[in-house]
Amino acid sequence: MQGRKPIPTAVKELRGNPGHRPLDDREPQPKVGEPPMPSGLSRYAKQAWKRMVPHPSRHGSAHCR
């Protein structure tokens, strides 16, 4: 894709939508919270998962899939 990256709708709303163009109400929304632990992890991997995964969700960040 060439050109500028699209500005997220939430940012446009915060800025006041200066261009007065219609906002995209179908924009995908990220999932919030902890992702599920994958099955098949070793005991050490599960310990690392429990130690590392809650960190982003404490700050209200979304997780990627």
Side-chain angles (χ1 to χ4, degrees):
M1 177 166 57
Q2 292 188 3
R4 292 185 178 185
K5 293 182 181 177
I7 298 172
T9 302
V11 174
K12 289 180 184 179
E13 289 174 348
L14 290 173
R15 290 182 179 173
N17 193 15
H20 302 290
R21 291 184 174 199
L23 298 176
D24 184 14
D25 59 348
R26 298 175 297 136
E27 183 177 73
Q29 299 298 318
K31 295 180 181 180
V32 179
E34 296 179 15
M37 183 186 301
S39 60
L41 294 179
S42 69
R43 180 175 61 153
Y44 300 108
K46 287 180 183 180
Q47 290 173 352
W49 180 273
K50 290 176 184 177
R51 191 173 59 246
M52 300 298 290
V53 170
H55 178 68
S57 63
R58 278 187 261 152
H59 302 290
S61 300
H63 71 273
C64 299
R65 281 230 158 164

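From a predicted model like this one, the values you see are computed outputs, not experimental measurements. In this chain, residues are counted from 1 in sequence order.
Expressed to the nearest 0.5 Å, how far NZ of Lys50 lies from CE of Met37 amounts to 5.0 Å. Atom CD1 of Ile7 and atom CG of Asp24 lie 13.0 Å apart (nearest 0.5 Å).
The two residues Glu13 and Leu23 make their nearest non-hydrogen contact at CG-CD1, 3.6 Å. Of all heavy-atom pairs between Pro38 and Leu41, the closest is O-CG, 3.5 Å. The two residues Trp49 and Pro35 come nearest to each other via the heavy atoms CZ2-O, 3.7 Å.
With sequence neighbours excluded, no residue forms a side chain to side chain donor-acceptor pair (under 3.5 Å) with Gln47.
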